[in-house]
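Presented below is the structure to which this report refers.
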Amino acid sequence: MFKFCFQMDTDLHSNYMREAIRLANNNIKNGGGPFGAIIVQDNEIIGRGVNRVTANSDPTAHAEVNAIREAALHLKTFDLSNCSIYTSCEPCPMCLGAIYWARISTIYYGNAKKDAAQIGFDDQFIYDEIKKPLAARKIPTQQLLKLEAISTFSSWAASDDKIEY
């Protein structure tokens with residue numbers, strides 16, 4: 001399902017990464033976080049995103065998520081399997097999940113998550129939380145109304161007009 005190919009010209013990769021870095025730098029000047037991302041399909045940038053978490057009061061407004069949203073709108077599909085993402089920093093757990101759900105084929109990043117942690121963007125606690133059983137997690141989590149909730153899955157499974165993803 002996921003292919004990892006690095007056959008593209010190295011200069012082209014570098015240029016795309018420079019665009020993600022340029023977006024991050026410009027975003028800092030515009031009151032946003034130091035993150036930028038682009039999505040490329042067939043050597044064309046089809047999505048750009050910057051971190052607007054604080055500017056938009058939206059904890060999901062990470063650069064990668066915003067780039068995915070723009071690319072999906074551009075292509076009019078949720079399936080970005082023929083695309084690559086270039087991001088100024090290694091994706092956080094949320095963004096990594098979004099990248100997988102979007103089926104993006106390849107990830108290229110500039111700064112590592114350790115670099116981000118050094119300036120206050122440390123996501124390690126989330127990676128650690130995911131590994132824990134529900135009862136041991138920091139945020140209390142409790143299942144409710146499973147027998148009622150399962151009806152939504154039954155309806156989905158029986159639907160003839162669903163679009164599977």
Side-chain angles (χ1 to χ4, degrees), residues 1-124 126-127 129-131 152-153 156-157 159-165:
M1 182 166 140
F2 298 103
K3 62 180 179 182
F4 293 94
C5 61
F6 298 93
Q7 300 168 350
M8 190 186 307
D9 183 315
T10 303
D11 288 339
L12 200 49
H13 283 304
S14 296
N15 288 339
Y16 289 140
M17 184 56 68
R18 284 187 185 101
E19 175 62 8
I21 294 166
R22 184 191 70 76
L23 289 171
N25 281 320
N26 284 346
N27 195 49
I28 294 167
K29 296 172 190 170
N30 292 310
F35 304 97
I38 63 167
I39 297 184
V40 175
Q41 181 185 56
D42 298 327
N43 296 328
E44 177 187 351
I45 297 173
I46 60 164
R48 287 180 171 82
V50 294
N51 182 289
R52 302 303 291 169
V53 169
T54 58
N56 294 357
S57 299
D58 179 355
T60 68
H62 289 204
E64 297 90 342
V65 171
N66 287 332
I68 289 168
R69 289 174 178 157
E70 187 173 289
L73 282 173
H74 176 81
L75 295 178
K76 296 178 178 39
T77 182
F78 58 85
D79 184 352
L80 305 179
S81 58
N82 294 320
C83 300
S84 297
I85 188 165
Y86 295 78
T87 178
S88 63
C89 186
E90 186 176 358
C92 75
M94 177 183 69
C95 293
L96 188 59
I99 289 166
Y100 274 91
W101 278 113
R103 299 183 177 112
I104 292 173
S105 301
T106 314
I107 302 168
Y108 301 94
Y109 67 92
N111 296 309
K113 64 183 180 179
K114 289 181 182 180
D115 302 320
Q118 290 177 348
I119 62 164
F121 294 94
D122 191 351
D123 299 322
Q124 190 58 48
I126 298 172
Y127 289 105
E129 283 287 299
I130 290 169
K131 296 175 194 173
T152 59
F153 286 0
W156 170 260
S159 176
D160 292 330
D161 61 345
K162 67 180 170 264
I163 299 172
E164 294 192 25
Y165 61 96

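Predicted model only: the values in this text are computed from it and were never measured. Along the sequence shown, residues are numbered consecutively beginning with 1.
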Does [X] use its side chain to pair, donor to acceptor, with the backbone of [Y] at less than 3.5 Å?
| X | Y | value |
| --- | --- | --- |
| Tyr16 | Asn43 | yes |
| Asp79 | Ser81 | yes |
| Ser84 | Val40 | no |
| Gln41 | Cys83 | no |

All side-chain hydrogen bond (donor to acceptor under 3.5 Å, both in side chains) counterparts of [X], not counting sequence neighbours:
| X | answer |
| --- | --- |
| Asp58 | Thr60 |
| Gln118 | none |
| Thr87 | Glu64 |

Go through the structure and list residues passing side-chain contact (heavy atoms from CB on, under 4.5 Å) with [X], not counting sequence neighbours.
| X | answer |
| --- | --- |
| Thr54 | none |
| Phe153 | Ile150 |
| Cys89 | Phe35, Asn111, Ala116 |
| Ser159 | Asp161, Lys162 |

Salt bridge (Lys or Arg N to Asp or Glu O under 4.0 Å) partners of residues 106-116, not counting sequence neighbours, each pair once |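 Not a single pair qualifies under salt bridge (Lys or Arg N to Asp or Glu O under 4.0 Å).
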Rounded to the nearest 0.5 Å, what separation is found between the [atom1] atom of [X] and the [atom2] atom of [Y]?
| X | Y | atom1 | atom2 | value |
| --- | --- | --- | --- | --- |
| Ile39 | Ile45 | CD1 | CD1 | 11.0 Å |
| Tyr86 | Ser14 | OH | OG | 9.0 Å |
| Thr77 | Arg103 | OG1 | CZ | 8.5 Å |
| Glu70 | Ile38 | CD | CD1 | 11.0 Å |
| Leu80 | Ile46 | CG | CD1 | 6.0 Å |

If a pair satisfies side chain to side chain donor-acceptor pair (under 3.5 Å) and one of its residues is in residues 20-39, list it, with sequence neighbours excluded.
->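 For residues 20-39: Glu19-Arg22, Asn27-Arg52.
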Selection residues 41-79 - residue pairs positive for ring pair (Phe, Tyr, Trp, His ring centres under 6.0 Å), sequence neighbours left out |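 Only Phe78-Tyr165 qualify under ring pair (Phe, Tyr, Trp, His ring centres under 6.0 Å).
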What are the two closest non-hydrogen atoms of [X] and [Y], and how far apart are they?
| X | Y | result |
| --- | --- | --- |
| His13 | Tyr108 | CE1-OH, 3.0 Å |
| Pro34 | Ile119 | CG-CD1, 4.2 Å |
| Pro59 | Ser57 | CD-O, 4.0 Å |
| Ile85 | Ile104 | N-CG2, 3.8 Å |
| Leu23 | Gly36 | CB-CA, 4.2 Å |
| Ala67 | Ala37 | CB-O, 3.8 Å |

With sequence neighbours left out, what residues match Tyr127 under ring pair (Phe, Tyr, Trp, His ring centres under 6.0 Å)?
->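 So Tyr127 forms no ring pair (Phe, Tyr, Trp, His ring centres under 6.0 Å) with any residue.
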Step-by-step side-chain contact (heavy atoms from CB on, under 4.5 Å) determination, Asp42 to Asn82 = CA-CA 8 Å; Asp42 298 327; Asn82 294 320; 5.8 Å; no
Ile126 side chain reached by Cys92 side chain, heavy atoms, under 4.5 Å =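 Answer no - side chains too far apart.
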